[in-house]
Amino acid sequence: KLREIYCDELLSVNSEAVMLQELKDNIKTMRDEGYEYKSYSLPEASQVQKFTKDGKEMAWMDVTITIETNDEIAYRYVRYILINENNKWKIYGWGDPKQ
């Protein structure tokens, strides 16, 4: 299921086996460090910034993720870059919104 949300270009450079191992490693790290994702908040449609690059329809949006660690709440902010493939928005990449 996870691979269904990624664009073709991202899938071509990341094998299913590597992506599955990275997911397992991330889950283990979360458990070892004692935190868990509690929720996420997507921006309003008006806050999604659309643009065209190399003739491709793309967009970026900032997502807020709520994390709980030892009964404390923290927030993580991630900027997702999306690309429209066959009328479906797919993840092209992500990173720190301050970069």
Side-chain angles (χ1 to χ4, degrees):
K1 285 290 184 187
L2 179 63
R3 291 177 61 85
E4 291 177 12
I5 63 173
Y6 294 129
C7 72
D8 291 339
E9 186 175 338
L10 192 58
L11 293 175
S12 71
V13 295
N14 292 284
S15 73
E16 185 172 356
V18 168
M19 292 178 86
L20 182 58
Q21 187 58 52
E22 287 177 352
L23 177 61
K24 289 177 182 179
D25 292 346
N26 286 338
I27 292 169
K28 182 179 182 326
T29 298
M30 286 174 48
R31 287 185 179 144
D32 291 348
E33 294 180 6
Y35 69 91
E36 63 180 282
Y37 291 115
K38 298 305 278 182
S39 65
Y40 60 90
S41 177
L42 299 174
E44 297 289 328
S46 62
Q47 296 171 312
V48 175
Q49 304 295 312
K50 292 184 178 180
F51 61 97
T52 301
K53 182 177 179 184
D54 300 328
K56 298 175 183 173
E57 185 180 13
M58 300 183 77
W60 62 262
M61 66 179 182
D62 293 335
V63 175
T64 304
I65 301 169
T66 305
I67 300 168
E68 184 175 347
T69 306
N70 301 323
D71 297 325
E72 292 183 20
I73 299 295
Y75 300 95
R76 180 174 179 220
Y77 305 95
V78 179
R79 176 164 292 164
Y80 286 92
I81 309 300
L82 308 170
I83 188 166
N84 191 335
E85 289 184 347
N86 303 316
N87 294 319
K88 292 184 180 179
W89 288 100
K90 303 281 186 131
I91 295 175
Y92 183 78
W94 60 90
D96 184 340
K98 295 176 185 169
Q99 294 182 351

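- Rounded to the nearest 0.5 Å, atoms OG (Ser39) and OH (Tyr75) are 7.5 Å apart.
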Would you tabulate the side-chain donor-acceptor contacts of residues 9-21 under 3.5 Å, counting partners in other chains and residues two or more places apart, or write 'none'?
{"from": "Ser12", "atom 1": "OG", "to": "Glu9", "atom 2": "O", "distance (Å)": "2.7"}
{"from": "Asn14", "atom 1": "ND2", "to": "Leu10", "atom 2": "O", "distance (Å)": "2.9"}
{"from": "Ser15", "atom 1": "OG", "to": "Val18", "atom 2": "N", "distance (Å)": "3.1"}
{"from": "Gln21", "atom 1": "NE2", "to": "Asp25", "atom 2": "OD1", "distance (Å)": "2.8"}

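- A pairwise comparison of heavy atoms in Val48 and Ala59 identifies CG1-CB, 3.8 Å as the closest pair.
- The salt bridge (Lys or Arg N to Asp or Glu O under 4.0 Å) pairs that include a residue from residues 41-61 number zero, where partners must be two or more places apart or lie in different chains.
- Residue pairs meeting the salt bridge (Lys or Arg N to Asp or Glu O under 4.0 Å) criterion with at least one member in residues 72-99, sequence neighbours excluded: Asp62-Arg79.
- Going from atom CH2 of Trp89 over to atom CD1 of Ile5 covers 15.0 Å, rounded to the nearest 0.5 Å.
- Sorted by first and then second residue, the pairs that involve residues 26-35 and meet salt bridge (Lys or Arg N to Asp or Glu O under 4.0 Å), not counting sequence neighbours, are Lys28-Asp32.
- With a 4.5 Å cut-off between side-chain heavy atoms of Ile, Leu, Val, Met, Phe, Trp and Tyr, the cluster of Phe51 takes in Met58, Trp60, Ile81, Ile83, Tyr92.
- Residues Ile73 and Val78 fall into different hydrophobic clusters, defined by Ile, Leu, Val, Met, Phe, Trp and Tyr side chains chained together at heavy-atom separations under 4.5 Å.
- Between Tyr40 and Thr64 the shortest side-chain heavy-atom distance does not fall below 4.5 Å.
- Atom CG of residue Leu82 and atom CD1 of residue Ile91 lie 6.5 Å apart, to the nearest 0.5 angstrom.
- By the salt bridge (Lys or Arg N to Asp or Glu O under 4.0 Å) test, Glu68 is found to be paired with Lys38, residues two or more places apart in sequence or in another chain being considered.
- There is no path of hydrophobic side-chain contacts, each under 4.5 Å, that joins Tyr77 to Ile65.
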